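Right, one structure below, let's go through it.
Heavy-atom basis, side chains included; hydrogens, waters and symmetry copies ignored. Small disclaimer: the values here were computed from a predicted structure and weren't measured.
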Amino acid sequence: MKRINFILDHLEKYKLKLLLLVLVTVIYAGMNLISSLMLSFVIDNVIDDKPIKMTIMKMLAGVLGGVENIREHLYILALVMILIYFMVMVLLRYRQSTQGVISENLVANIRNNLYHHLQELPYAYHVKAKTGELIQKCTSDVDMIRRFFAGQFAEIFYILATAIIAMTILFNINYKLAFFASLSLPVIFLYSFLFFRKIQKQFLVSDEAEAVMSTVIQESLSGIRVVKAFNREIYEIKKFEKTNREYYDVTYKMILSLGMYWASSYFICLLGILSIIVLGIFAVRNNAITVGDFVVFVTYQNMILYPIRALGRILSDFGKVTVSLDRIIDICETPGEDLIAGLKPDLRGDIVFRDVYFKYSDDNQDVLKGINLKIKKGESVALIGPTGSGKSSLVHLLSRLYDVDSGSIEINNCNINDINKNYLRDNVGIVLQEPFLYSKSIISNLKMVNPEASDDEIYESTRIACIHDVIKSFDKGYRTLVGERGVTLSGGQKQRLAIARTLIKKTPILIFDDSLSAVDTQTDNMIRNELNKIGKETTLIIITQRISSAKDCDRIFVIEDGIITESGTHDELIKIDGLYKRINEIQSQIIVKEELSNA
């Protein structure tokens, strides 16, 4: 029922069209069967002058002026047949076009809602999810649903309507022969259904192998710079060939099974038709049925058996559709973030962490252990510590990419859990260590945070980030394309461009998550000097491994294993026997050695 409701919810205004499609399909099936009755009518009633048995044919003969009139004007029957085939054509045209309209609009709505929901899912979900699998769900699974509604959905009703109407007519003609004709129907249906039920695992294995192959392609192309830098082309080619071969093997095995099925099922259908031909001949010789009835039996048997064979596959394929639906519904039922509810207070105030504990959902160990700190409005603060100590986790909590397990975080005396998430993130600017740039022009990447930003605002931000002159040196300046993930830029250029992009938002809270790591110390110093000119209305939080980036901040916090072990100014901390002092001594020695080597 959940799947049906999901489909109906995404059909929107096309529910009536779906009902009309079913009705037209049933009428189309009936019209297809009339042509054989017309042929029987000509043989038995017009040529052999036998009495008309079927009511529908009596009515037709009456409308056309009786059998004698038809016999004298045979062109009337030709015109009737043309009219019937024309109606069949119109019904088929409507059926095909309506299937297309329904299926395309259905999957368009599913894609839109699925992508919309993916955007609203928490950051934690995307961290654990595999990109290749999500892409496959958004493409292959959705396309599986499209193909079903583009052809197979209406085909089910066509097959059932054809079988029911045809068997009703055949039993009306001769119930004994009709009974023998009906025996082959469950045989071919069960054979096809059980076969495709059994092969379902092969379909699933093939889909999984395709997902693995897609993931390999996605990872390799995303990391092409690393591949080139480490001469890993041969390795990547072999890895792809291995996954491609695995996909080929399981798919080829599935195709062989399908080939065996189609050949064997075709043989069963031919045996069914042959048996009716043999029994029908004896029935004609014994005057149990007429020659025209015999033609109807053979034609209908042929029209029923092959669709029934296809019905077994359709119903089995429907199992694949349900799997695809379940995978999509699973995403859609994953709770998304509430980006609407919440307060919108003034966030230009003190930031307070009160006894904050946090751990990731797939880890039993706390990453942050009772963090207590206060960052004053307009203050510049540095967070320094070993890799994995919890620095980035702390600022991720501030923008609610994750939520605290216990304790609280307040901005301007307002708990961030009570603040509207969109509003919070609009006021907390984060520059990541590995910035993501879209495959667009530099100006497009900059304007994505504020499409209404003026050229002066953009130039001001790029000057603060020390990237304006670099951009102007490019042949196309701000119209230069950066390539996928900014591949045409250096690491430092990407980081500075990301800094400029965040500065355009003019947020009251600005976080640098080790985002100056790829910038040389001189440029780092220039950027920080420019940031100091922004004014004391901006609260600045810098996560860094460099003493040179931290020493000019108003306060420095040292984090070790999720605990703040030291805090103070640079001058205060170098007098304390702790981690900060050791890092300062090591980096100072490195700087001295570099200066001596350059002398």
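- H117 places a side-chain N or O within 3.5 Å of a backbone atom of C332 that can act as its donor or acceptor partner.
- Taking a cutoff of 4.0 Å between a charged side-chain nitrogen and a carboxylate oxygen, D249 and R245 qualify as a salt bridge.
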>> Test side chain to side chain donor-acceptor pair (under 3.5 Å) on S140 and D143; report intermediate values, then the result.
In response: CA-CA 5 Å; S140 297; D143 194 57; over 6 Å; no
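- Counting only distance, with no hydrogens or angles, the side chain of N445 and the backbone of S441 share a donor-acceptor pair below 3.5 Å.
- Annotation for P122 and G336: closest pair CD-CA, 4.3 Å, computed over non-hydrogen atoms.
- Within a 6.0 Å radius of CD1 in I234, no more than 12 heavy atoms belonging to other residues, nucleotides or ligands are found.
- For the pair R146/L106, no side-chain contact is recorded, criterion being any heavy-atom separation below 4.5 Å from C-beta on.
- Annotation: cation-pi pair R232/Y235 present, NZ/CZ under 6.0 Å from the ring centroid and within 45° of its normal.
- Side-chain contact between M167 and L185 is present, with at least one heavy-atom pair separated by less than 4.5 Å.
- By the 6.0 Å contact criterion, CG on L19 is enclosed, its count of non-hydrogen atoms from other residues, nucleotides or ligands being greater than 12.
- Taking all atoms of both residues into account, the shortest heavy-atom contact from A124 to Y402 is CB-CE2, 3.6 Å.
- Under 4.0 Å is where a charged nitrogen must lie from a carboxylate oxygen, and between E337 and R425 at least one such pair does.
- Counting heavy atoms of neighbouring residues, nucleotides and ligands inside a 6.0 Å radius, atom NE2 of H126 exceeds 12 of them.
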>> Using the rule given for side-chain contact (heavy atoms from CB on, under 4.5 Å), can you reason through I255 versus T251, listing the C-alpha separation, both sets of side-chain angles and the distance that settles it, and then say yes or no?
In response: CA-CA 6 Å; I255 292 171; T251 305; 4.1 Å; yes
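- L183 has its side chain out of reach of V187: every pair of non-hydrogen atoms, C-beta onward, lies at least 4.5 Å apart.
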>> Go through it in stages, so that I can follow the logic: the residues are Y175 and F171, the test is ring pair (Phe, Tyr, Trp, His ring centres under 6.0 Å), and I'd like the CA-CA distance, side-chain angles, deciding distance and then a yes or no.
In response: CA-CA 4 Å; Y175 71 91; F171 271 97; 7.7 Å; no
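- The pair D338-K421 does not count as a salt bridge, with every side-chain nitrogen at least 4.0 angstrom from each carboxylate oxygen.
- Between the N422 side chain and the L339 main chain, a donor and an acceptor come within less than 3.5 Å of each other.
- Considering only heavy atoms from C-beta on, V296 stays 4.5 Å or farther from L33 through its side chain.
- D330 places no side-chain N or O within donor-acceptor distance of the main-chain N or O of D326, the cut-off being under 3.5 Å.
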> Can M303 and N32 be said to form a side-chain contact (heavy atoms from CB on, under 4.5 Å), step by step?
Replying inline: CA-CA 9 Å; M303 292 177 70; N32 260 340; 4.2 Å; yes
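- Between the CD1 atom in I328 and the CD atom in E333 there is a gap of 12.5 Å [rounded to 0.5 Å].
- Judged by distance alone, with hydrogens and angles left aside, the side-chain atoms of T162 form a donor-acceptor pair with the main-chain N or O of Y158 at under 3.5 Å.
- The side-chain heavy atoms of Y247 and S206, taken from C-beta on, include a pair separated by under 4.5 Å.
- Formation of a donor-acceptor pair under 3.5 Å by the S220 side chain with backbone atoms of I217 is not found in this model.
- Side-chain N or O atoms of N420 include one that pairs as donor or acceptor with a backbone N or O of I340 at under 3.5 Å.
- Using a 30° and 60° split on the angle between ring planes, F148 and F153 fall in the perpendicular class, above 60°.
- In this structure, CG in D9 is found 11.5 Å from CD1 in I4, a value given to the nearest 0.5 Å.
- Rounding to the nearest 0.5 Å places CG of D293 at 10.5 Å from OH of Y300.
- From N112, atom CG reaches atom NE2 of H10 across 9.0 Å, with rounding to the nearest 0.5 Å.
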>> Working note: E233 + K238, criterion salt bridge (charged side-chain N to carboxylate O under 4.0 Å, His left out); need CA distance, chi angles, decisive distance, verdict.
In response: CA-CA 9 Å; E233 292 93 342; K238 288 182 177 179; over 6 Å; no
>> Test ring pair (Phe, Tyr, Trp, His ring centres under 6.0 Å) on F189 and Y191; report intermediate values, then the result.
In response: CA-CA 5 Å; F189 173 77; Y191 177 69; over 10 Å; no
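- A distance-only check finds a donor-acceptor pair linking the side chain of S275 to the backbone of G272 [under 3.5 Å].
- With S444 contributing its side chain and K440 its backbone, the two residues share no donor-acceptor pair below 3.5 Å.
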> Hey, mind stepping through S184 and Q301 against side chain to side chain donor-acceptor pair (under 3.5 Å) and telling me if it holds?
Replying inline: CA-CA 9 Å; S184 58; Q301 187 75 348; 3.0 Å; yes
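- Taking the six-membered ring where tryptophan is involved, the planes of Y252 and Y248 are essentially parallel, since the angle between them stays under 30° and well short of 60°.
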> side-chain contact (heavy atoms from CB on, under 4.5 Å) between L18 and T98: does it pass, once the steps are laid out?
Replying inline: CA-CA 8 Å; L18 191 66; T98 304; over 6 Å; no
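- Looking at every heavy atom in both residues, R501 comes nearest to L446 through N-CD2, 3.8 Å.
- The CD1 atom of I329 lies 6.0 Å from the NZ atom of K2; values are rounded to the nearest 0.5 Å.
- Distance check, rounded to the nearest 0.5 Å: CG of D141 to CE of M144 gives 7.5 Å.
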>> Before you tell me yes or no, could you show the steps for S265 and I188 under side-chain contact (heavy atoms from CB on, under 4.5 Å), namely the whole-Å CA-CA distance, both residues' side-chain angles and the distance that decides it to 0.1 Å?
In response: CA-CA 7 Å; S265 61; I188 188 62; 3.9 Å; yes
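- For Y28 and Y94, the gap between ring centers reaches or exceeds 6.0 Å.
- Taking the centre of each ring, F436 and Y438 come in below the 6.0 Å mark.
- Closest approach of A209 to V250, counting heavy atoms only: CB-CG2, 4.0 Å.
- The nearest pair of heavy atoms linking G30 to I165 is CA-CD1, 4.0 Å.
- Of all heavy-atom pairs spanning A166 and I304, the tightest one is CB-CD1, 3.4 Å.
- Using a 4.5 Å heavy-atom cutoff, the side chains of T290 and V284 are not in contact.
- Considering only heavy atoms from C-beta on, N364 stays 4.5 Å or farther from K359 through its side chain.
- Comment: K239 engages E236 in a salt bridge, judged by a side-chain N to carboxylate O separation of less than 4.0 angstrom.
- Taking 4.5 Å as the limit, every side-chain heavy atom of R147 sits out of range of all side-chain heavy atoms of Q152.
- Note on K242 versus E246: salt bridge recorded, some NZ/NE/NH1/NH2 to OD/OE distance being below 4.0 Å.
- No donor-acceptor pair under 3.5 Å is formed between the side chain of N302 and the backbone N or O of V298.
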